[in-house]
There are 2 protein chains.
Amino acid sequence: MRHGLTAARRRAALARFERFLERRDLRLTPARAAIVEAALAQPGHFPIEALVESLRRRGIRGSKATVYRALPLLTEAGILQEAVVKGDERSYEAAVGRRHHDHLICSGCGTVVEFEYPAIEILQREVAARHGFELEGHHLQLSGRCPACRGRGAGRGGDLRQGLAEDGS
Amino acid sequence: MRHGLTAARRRAALARFERFLERRDLRLTPARAAIVEAALAQPGHFPIEALVESLRRRGIRGSKATVYRALPLLTEAGILQEAVVKGDERSYEAAVGRRHHDHLICSGCGTVVEFEYPAIEILQREVAARHGFELEGHHLQLSGRCPACRGRGAGRGGDLRQGLAEDGS
DNA sequence: CGTAATATGAGACATGGTCTCACTGCAGCG
DNA sequence: CGCTGCAGTGAGACCATGTCTCATATTACG
Ligand SMILES: [Mn+2]
Ligand SMILES: [Mn+2]
Ligand SMILES: [Zn+2]
Ligand SMILES: [Zn+2]
């Protein structure tokens with residue numbers, strides 16, 4: 001029933017988005033709806049460019065500008081969340097049926113591991129409170145050498161570019 | 001004796017850098033030394049561009065390329081540390097006589113508050129270990145509304161960040 | 001010195017992301 | 001039903017940060 005599930009997810013996301021937009025006096029236009037769908041259809045972590053590409057492939061018009069304009073909305077609506085920041089390019093991931101989590105990245109092969117650690121989240125809120133801040137968000141990204149890369153030790157983070165091992169789904 | 005102090009700091013940094021470079025079979029060239037000095041002379045958090053600018057102003061030649069090439073070295077040597085990532089631009093800060101810390105940024109006015117919270121650091125190591133990673137570094141950046149901006153309750157009320165309550169499957 | 005390895009500098013280049021602006025489609029009005 | 005006002009859109013010009021190239025300059029060292 002993999003399909004029924006994603007359909008449900010999509011519906012849920014659209015509903016949520018609609019509510020969000022209404023609160024903001026914005027409209028759920030065809031373009032925005034298409035972006036939501038395409039976003040949810042992306043696998044695991046995806047770079048923005050992939051989303052734009054995807055829209056274009058689906059024949060649906062969708063310009064870079066529109067996508068970039070929509071992203072903050074989707075994020076604030078809780079449909080997407082920023083995932084990994086690698087150098088200059090940010091990647092996102094769906095956030096609808098998922099619990100919040102952060103990322104651990106291998107500096108050797110690029111593998112990304114997700115982790116969920118409530119204790120850390122709590123301490124973050126604690127820190128913010130201690131400074132009188134109202135916490136809105138955070139970005140936590142650990143980096144190190146994965147088991148595999150540690151084994152083959154040696155070569156200075158070599159250049160085994162892109163281990164798209166990811167995880168996603 | 002503000003001056004004696006910075007001088008000492010500078011000497012310490014240079015010594016440390018030299019040791020580091022030696023271990024790596026690299027040389028402490030005039031350019032690299034100048035960059036170290038200029039870096040330590042920067043105030044608080046500074047964007048890379050400011051460092052380049054500073055070198056140029058001191059009459060010392062120092063090309064963008066050289067600075068960018070040196071930055072990872074200074075960082076690994078523990079003389080600088082990446083500070084805040086705001087949009088596309090990274091800023092650094094001196095790390096010599098300082099303890100490691102992370103940042104809390106106000107989304108309203110941009111104010112940056114530093115905090116040190118050992119418990120979080122420990123948990124991070126815990127997470128890495130749990131996944132068999134050898135932790136090399138991390139980036140933690142909280143964002144929220146500072147006391148001042150909260151008071152002035154200005155716009156942007158909306159988005160109450162999604163809590164942990166979720167689920168959908 | 002002489003020579004090879006290393007480092008530097010100026011600027012060309014790549015690239016993610018933002019801005020501009022003409023245009024479109026639709027809600028509200030007469 | 002035509003207007004009209006305006007949020008929204010799309011194509012691409014534009015911008016800024018950071019990377020690469022390659023000719024030149026230093027350095028180590030026999
Ligand atoms: Mn993730
Ligand atoms: Mn700091
Ligand atoms: Zn790895
Ligand atoms: Zn503030």
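Computed from a prediction, not measured in an experiment: that's the story for all the values here. Sequence lines set the chain letters: A, B, ... in the order given, protein chains first and strands last, and positions in each chain run from 1.
- Atom OH in Tyr92(B) sits about 8 Å away from atom P in dG18(D), given to the nearest Å.
- Counting side-chain heavy-atom gaps under 4.5 Å among Ile, Leu, Val, Met, Phe, Trp and Tyr, Ile122(A) is found in no cluster with other residues.
- Map Ala65(B) and Asp25(A) each onto its nearest nucleotide of DNA chain D; the residue landing nearer the 5' end is Asp25(A).
- As rounded to whole Å, 12 Å separates atom P of dT17(D) from atom CD of Glu53(B).
- No hydrogens or angles considered: a donor-acceptor pair under 3.5 Å links the side chains of His100(B) and Glu121(B).
- Atom CG in Leu21(A) sits roughly 13 Å away from atom C1' in dA7(D) (whole-Å rounding).
- Nucleic acid contact class of Arg69(B) (heavy atoms, under 4.0 Å, all strands): base.
- In this model, a donor atom of one side chain and an acceptor atom of the other lie less than 3.5 Å apart for Glu136(A) and Ser107(B).
- Between Phe17(B) atom CZ and dA7(C) atom C1' there is a gap of 12 Å when expressed in whole angstrom units.
- Taking 4.0 angstrom as the limit, Arg32(B) places a side-chain polar atom (N or O) nearer than this to OP1 or OP2 of dA7(C).
- What separates CG of Leu51(B) from C1' of dG18(D) is a distance of 14 Å, to the nearest Å.
- Nearest to the side-chain atoms of Ala31(B) among the listed nucleotides dT8(C), dT19(D), dT9(D) stands dT8(C).
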Can you pull every protein N or O that's under 3.5 Å from an N or O on nucleotides 27-30 of chain D?
none

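- dT18(C) atom C1' lies 11 Å from atom CZ of Arg90(A), rounded to whole Å.
- If you take CG of Leu28(B) and P of dT6(C), they are 17 Å apart, rounded to a whole angstrom.
- An OP1 or OP2 oxygen of dA11(D) is reached within less than 4.0 angstrom by no side-chain nitrogen or oxygen of Ser63(A).
- No side-chain N or O of Thr75(A) forms a donor-acceptor pair with one of Gln81(A) less than 3.5 Å apart.
- OP1 or OP2 of dT18(C) has not a single side-chain nitrogen or oxygen of Tyr68(A) nearer than 4.0 Å.
- Taking the side chain of Leu26(A) as heavy atoms from C-beta on, and the options dG8(D), dT20(C), dG9(C), the nearest nucleotide is dG8(D).
- Counted by atom type alone, His101(A) and Glu114(A) present one or more donor-acceptor pairs between their side chains at under 3.5 Å.
- If you take CD of Glu49(B) and P of dA16(D), they are 11 Å apart, rounded to a whole angstrom.
- Side-chain to base pairing of Lys64(A) with dG10(D): no donor and acceptor N or O lie closer than 3.5 Å to each other.
- In summary, Glu93(B) and Arg98(B) engage in a salt bridge, as defined by a charged side-chain N under 4.0 Å from a carboxylate O.
- Salt bridge status for Arg145(B) with Glu134(A): absent, with no side-chain N to carboxylate O gap under 4.0 Å.
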